[in-house]
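Below, each value reflects all heavy atoms present in this structure, side chains not excepted, and no hydrogens, waters or symmetry copies. What you see is a predicted model; the values in this text were computed from it and never measured. In this chain, numbering begins with 1 at the start of the sequence shown.
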Amino acid sequence: GLALRQQGVVVGPDTSLREQLALARLPDLPGRWMGYAVDLHNEVRFGTAPATPQRAAYMRQAVAGAHQLLTQQGTNALAN
């Protein structure tokens, strides 16, 4: 939520992470990676899956992948 707010996404107090992600309008591939991270978060938060070190590692990988894609795209756009 904080990273999205820093990007200018304005949300209400009852806005879910999934809704915040939709408001961010990320490019397709980074958006899918972030969606995967949100799904992992929600599964643990709402009790449909246990919190495990492996699940935490998957979530970190998904966020890192989205970050890399977004920063690469920004770098590539500046280079052109």
Side-chain angles (χ1 to χ4, degrees):
L2 176 61
L4 293 173
R5 284 191 300 276
Q6 289 175 336
Q7 294 300 314
V9 176
V10 179
V11 298
D14 295 329
T15 307
S16 71
L17 282 176
R18 173 67 58 199
E19 292 167 326
Q20 290 179 42
L21 184 58
L23 291 169
R25 297 187 180 150
L26 296 174
D28 184 50
L29 188 55
R32 281 189 274 153
W33 278 88
M34 286 302 296
Y36 180 57
V38 168
D39 289 343
L40 288 167
H41 169 270
N42 287 342
E43 288 170 359
V44 172
R45 181 164 187 242
F46 297 112
T48 60
T52 65
Q54 186 64 49
R55 203 169 270 291
Y58 288 152
M59 187 173 172
R60 280 192 302 273
Q61 289 171 350
V63 171
H67 178 265
Q68 183 176 5
L69 287 168
L70 290 168
T71 55
Q72 261 184 340
Q73 287 175 354
T75 301
N76 291 342
L78 292 175
N80 291 330

Gap separating the CH2 atom of Trp33 from the NE2 atom of His67, nearest 0.5 angstrom: 14.5 Å
Shortest non-hydrogen separation from Met34 to Ala66 and the atoms involved: CG-CB, 3.5 Å
Between OH on residue Tyr36 and NE2 on residue His41, distance to nearest 0.5 Å: 15.0 Å
Nearest-0.5 Å distance that lies between atom CG in Leu40 and atom CZ in Arg60: 11.5 Å
Nearest heavy-atom neighbours spanning Ala51 and Val44: CB-CG1, 3.6 Å
Nearest atoms (heavy-atom pairs only) where Ala37 meets Val63: CB-CG2, 3.7 Å
CZ on Arg45 to CG on Leu17, rounded to 0.5 Å: 7.5 Å
Straight-line distance of Tyr58 OH to Asp39 CG, nearest 0.5 Å: 15.0 Å
Pro27 side chain near Leu69 side chain, heavy-atom distance below 4.5 Å: no
Any donor-acceptor N/O pair, Glu19 side chain to Ser16 backbone, under 3.5 Å: yes
Shortest non-hydrogen contact from Asp28 toward Arg32: OD2-NH2, 2.7 Å
Side chain Thr15, main chain Gln20, donor-acceptor under 3.5 Å: no
CZ/Arg18: more than 12 non-hydrogen atoms of other groups inside 6.0 Å: yes
